[in-house]
Amino acid sequence: QKEVEQDPGPLSVPEGAIVSLNCTYSNSAFQYFMWYRQYSRKGPELLMYTYSSGNKEDGRFTAQVDKSSKYISLFIRDSQPSDSATYLCAMSGFQAGTALIFGKGTTLSVSS
Amino acid sequence: EPEVTQTPSHQVTQMGQEVILRCVPISNHLYFYWYRQILGQKVEFLVSFYNNEISEKSEIFDDQFSVERPDGSNFTLKIRSTKLEDSAMYFCASLQQSSNYGYTFGSGTRLTVV
């Protein structure tokens with residue numbers, strides 16, 4: 001059973017573009033939704049998290065969760081070459097400490 | 001900023017040998033995890049550890065694997081008899097108590113089984 005689906009890309013955009021990254025999931029028990037950024041041969045680094053449905057904004061990044069559709073998104077405005085990385089969605093249940101379940105990651109390349 | 005430290009960064013081992021991967025989690029964190037990422041694949045959950053015992057494990061975490069917290073700072077993953085398919089990046093992570101999102105990952109150990 002594939003719990004979290006994410007298009008691996010690669011996605012190539014010019015500097016300044018708006019980027020949309022998405023994941024779908026099947027397990028309705030997921031309550032916490034996270035986006036991680038991963039550089040080559042490094043560990044995932046937390047970018048943003050959202051609890052339940054709704055939007056959250058942090059600078060150029062906006063995370064959206066639609067629990068009714070089991071769909072989450074990360075938008076990057078005014079993308080920069082330094083945003084080039086792999087973006088992983090991850091989810092966990094309500095109970096503290098439960099395991100994170102990751103999507104496969106989308107590789108983004110922003111060209112100057 | 002506090003970080004999770006993993007050693008070694010790269011280990012090459014012969015098939016059938018035992019390996020121990022080491023992690024020093026963030027000092028005030030109480031949940032500890034091991035994940036692995038085979039090249040080109042998802043980051044996969046292996047095991048979580050809380051209050052000196054395994055709290056959750058995946059079907060990947062079979063009898064070949066074991067975890068230990070031998071002292072107050074280290075957290076280890078042992079693979080008893082390595083197989084070629086164990087070649088992957090292994091990530092340690094830790095989490096504060098009563099948090100659902102602040103998982104901090106180490107930089108990983110790249111394990112190559114030859």
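Lettering follows sequence order; numbering is per chain, from 1. Keep in mind that this is a model prediction, so the values were computed, not measured.
With a threshold of 4.5 angstrom between heavy atoms, B:Q37 approaches chain A through side-chain atoms but not through N, CA, C or O. Using a 4.5 Å cut-off between heavy atoms, A:Y51 does not touch chain B at all.
Summarising the geometry, atom NZ belonging to B:K42 is positioned 8.0 Å from atom CD belonging to A:E3; distances are rounded to the nearest 0.5 Å. Atoms OH and CZ, on A:Y36 and B:F105 in that order, are 5.0 Å from each other to the nearest 0.5 Å.
Using a 4.5 Å cut-off on side-chain heavy atoms (C-beta onward), B:Y103 and A:M34 make contact. Side-chain contact between B:Y33 and A:L100 is absent, with no heavy atoms from C-beta onward closer than 4.5 Å.
Within 6.0 Å of atom CZ in A:R41, 12 or fewer heavy atoms from other residues, nucleotides or ligands are found, so the atom counts as exposed in its surroundings. No more than 12 heavy atoms of other residues, nucleotides or ligands shown are found within 6.0 angstrom of CG on B:L39. Other residues, nucleotides and ligands contribute at most 12 non-hydrogen atoms within 6.0 Å of the CZ atom of A:F94. More than 12 heavy atoms of other residues, nucleotides or ligands lie within 6.0 Å of CG in B:D62, so this atom counts as buried by the packing criterion.
Contact count against chain B (heavy-atom pairs under 4.5 Å) is highest for A:K42 among A:Q6, A:E45, A:K42, A:Q31. Most heavy-atom pairs under 4.5 Å with chain B: of the set A:G105, A:P8, A:P44, this distinction falls to A:P44. Each of A:T98, A:L88, A:T86 has some count of heavy-atom pairs under 4.5 Å with chain B, and the biggest count is that of A:T98.
Neither B:L111 nor B:V43 shares a network with the other; the hydrophobic side chains, linked directly or stepwise wherever heavy atoms of I, L, V, M, F, W or Y lie under 4.5 Å apart, form separate groups for each. Residues A:F102 and B:F32 are members of separate hydrophobic clusters, defined by side-chain heavy-atom contacts under 4.5 angstrom among Ile, Leu, Val, Met, Phe, Trp and Tyr. Cluster membership check: B:F65 does not share its hydrophobic cluster with B:M89, using side-chain heavy-atom separations under 4.5 Å among Ile, Leu, Val, Met, Phe, Trp and Tyr.
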